[in-house]
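Letters A, B, ... are given to chains in the order of the sequence lines, protein chains preceding strands, and every chain is numbered from 1.
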There are 2 protein chains.
Amino acid sequence: MEISFKETNKRMARFEKAIRQAGVKVTIQRLEIFRVIASSIDHPDVETVYERVRERLPTVSLDTVYRTMWMLLDLGLISTLGASRDRTRFDANMENHHHFVCSRCGLTRDFYSEELDGIKIPESVKDFGSIEKAHLEVVGVCKQCAAKPNPKAQEEDTS
Amino acid sequence: MEISFKETNKRMARFEKAIRQAGVKVTIQRLEIFRVIASSIDHPDVETVYERVRERLPTVSLDTVYRTMWMLLDLGLISTLGASRDRTRFDANMENHHHFVCSRCGLTRDFYSEELDGIKIPESVKDFGSIEKAHLEVVGVCKQCAAKPNPKAQEEDTS
DNA sequence: TCTTAAATAAGAACGATTGTCAATAACATA
DNA sequence: TATGTTATTGACAATCGTTCTTATTTAAGA
């Protein structure tokens, strides 16, 4: 919701192109599911997407939404907030720090930078609410994963 | 693992102080669980913490680890990577952007800043692996939550 | 040491996610 | 446009992570 028609259409066009290129079938379910996520400003979870899709497609199943979301992720058409499919992970480092996260295996390491700690946050962000803290999330591929051949085997090594 | 004794001890001291201040009991389980997370460099999940605690305390139960982790979070002694207790959430915005996240309800909004897009990442980060992208995660309290009285009722409004 | 409330362990229960499979629909081809 | 092939769907069972319940144990103050 609340994404402009223009932007939504741009995303839909990208979707149709990517999905055909990938050789997977274009179904009503997939179109509607992508339309929902592409027009959402609020980064919904699967259940929320499901509810929104049902408004137009009452017979859709929750499974299909799950399957489609992961497919969209694999195709690089959407991303997840935080680590996908991952469990909650904890951090006892209460100093100011930043994270490097491996997009393949989820390995996460802290790093420090006084320069980054002093980052200027745009004034407009205060329209959303008060600001407590900020940290940079750097996403990449860790050395271990880079050394592995298999580029699509994103399991294991969650250390 | 791999956190220096000095730093671990510093964290343990902070833990003992905070836990007594909070008026909760100091149990062996809690000490060992905190010791594990305080000495871990790798941001483990609950299951991993559980396994490490069992090396020293074989009878500890998984529930206790769960309960203790949430307690530590409530006491502000640890934090979670990404949104805690939350389901996976999706983002169809593939442009360069940054996030504002409400620490109470999980509300997440995008914002843009060319200045931030050009951020310099310390060279040392490359020791972890290759860098694909980076974004700033700003944590605060959204206006809706700020308007509510209850400061500890962190549910609802996950829109 | 004794008392009491809080914390624990164990196992049941719950909720989110995934797997299985028969029925259906997309798409290539005729 | 009709048909065959194969991926996809929906229903429901199964799985896995997390939480709840309860009887038992333990920390901490009297």
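- Along DNA chain D, the nucleotide nearest B:I28 and the nucleotide nearest A:T64 are compared for position; the residue whose nucleotide lies closer to the 5' end is A:T64.
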Polar atom pairs between nucleotides 19-25 of chain C and protein, under 3.5 Å, N or O only, would you list them?
{"unit_1": "C:dG19", "atom_1": "O6", "unit_2": "A:D63", "atom_2": "OD2", "d": "2.2"}

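- Going from atom CG of B:D74 over to atom P of C:dA7 covers 13 Å, rounded to whole Å.
- A heavy-atom distance below 4.5 Å is not found between the side chains of A:L77 and B:M94.
- Counting only distance, with no hydrogens or angles, the side chain of B:R30 and the backbone of B:K25 share a donor-acceptor pair below 3.5 Å.
- Look at CD on B:Q29: it is 14 Å from C1' on C:dA10, rounded to the nearest Å.
- Atom CG in A:L73 sits about 16 Å away from atom C1' in C:dT18, given to the nearest Å.
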Enumerate the protein-to-nucleotides 13-16 of chain C contacts in which both atoms are nitrogen or oxygen and the separation is below 3.5 Å.
{"unit_1": "C:dA16", "atom_1": "OP1", "unit_2": "B:R87", "atom_2": "NH2", "d": "2.9"}

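- In this structure B:R54 satisfies the salt bridge (charged side-chain N to carboxylate O under 4.0 Å, His left out) test with no other residue, sequence neighbours excluded.
- Among all heavy-atom pairs drawn from A:E95 and A:Y112, the shortest one is CB-CE2, 4.3 Å.
- Considering all non-hydrogen atoms of both residues, A:T68 and A:I33 come closest at OG1-CD1, 3.6 Å.
- Between B:I131 atom CD1 and A:F100 atom CZ the span is 7.0 Å, to the nearest 0.5 Å.
- Other residues, nucleotides and ligands contribute at most 12 non-hydrogen atoms within 6.0 Å of the CD1 atom of A:I28.
- When all heavy atoms are compared, the tightest approach of A:Y50 to A:V60 is CE1-O, 3.5 Å.
- In this model, no donor atom of one side chain and acceptor atom of the other lie less than 3.5 Å apart for B:D110 and B:H98.
- Judged by distance alone, the side chain of A:R89 and the main-chain N or O of B:H43 form a donor-acceptor pair under 3.5 Å.
- At a threshold of 4.0 Å, the pair B:E32-B:R35 counts as salt-bridged, since one of the basic side-chain nitrogens sits closer than that to a carboxylate oxygen.
- Shown for residues 11-24 of chain B: residues whose heavy atoms fall under 4.0 angstrom of DNA chain C, namely B:V24.
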If you look only at distance, which donor and acceptor atoms sit under 3.5 Å apart when one is on a side chain in residues 6-14 of chain A and the other is two or more places apart or in another chain?
{"unit_1": "A:E7", "atom_1": "OE2", "unit_2": "A:R11", "atom_2": "NE", "d": "2.8"}
{"unit_1": "A:E7", "atom_1": "OE2", "unit_2": "A:R11", "atom_2": "NH2", "d": "3.4"}
{"unit_1": "A:T8", "atom_1": "OG1", "unit_2": "A:S4", "atom_2": "O", "d": "2.9"}
{"unit_1": "A:N9", "atom_1": "ND2", "unit_2": "A:F5", "atom_2": "O", "d": "3.3"}
{"unit_1": "A:R11", "atom_1": "NH1", "unit_2": "A:A38", "atom_2": "O", "d": "2.9"}

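- Put simply, the side chain of A:S40 never gets that close to the backbone of A:D42: no donor and acceptor are under 3.5 Å apart.
- Looking at which nucleotide of DNA chain C each of B:T88 and B:L62 is closest to, the 5′-most match is held by B:L62.
- When DNA chain D is scanned in the 5' to 3' direction for atoms under 4.0 Å from non-hydrogen atoms of chain B, the outermost contacting nucleotides are D:dG17 to D:dA28.
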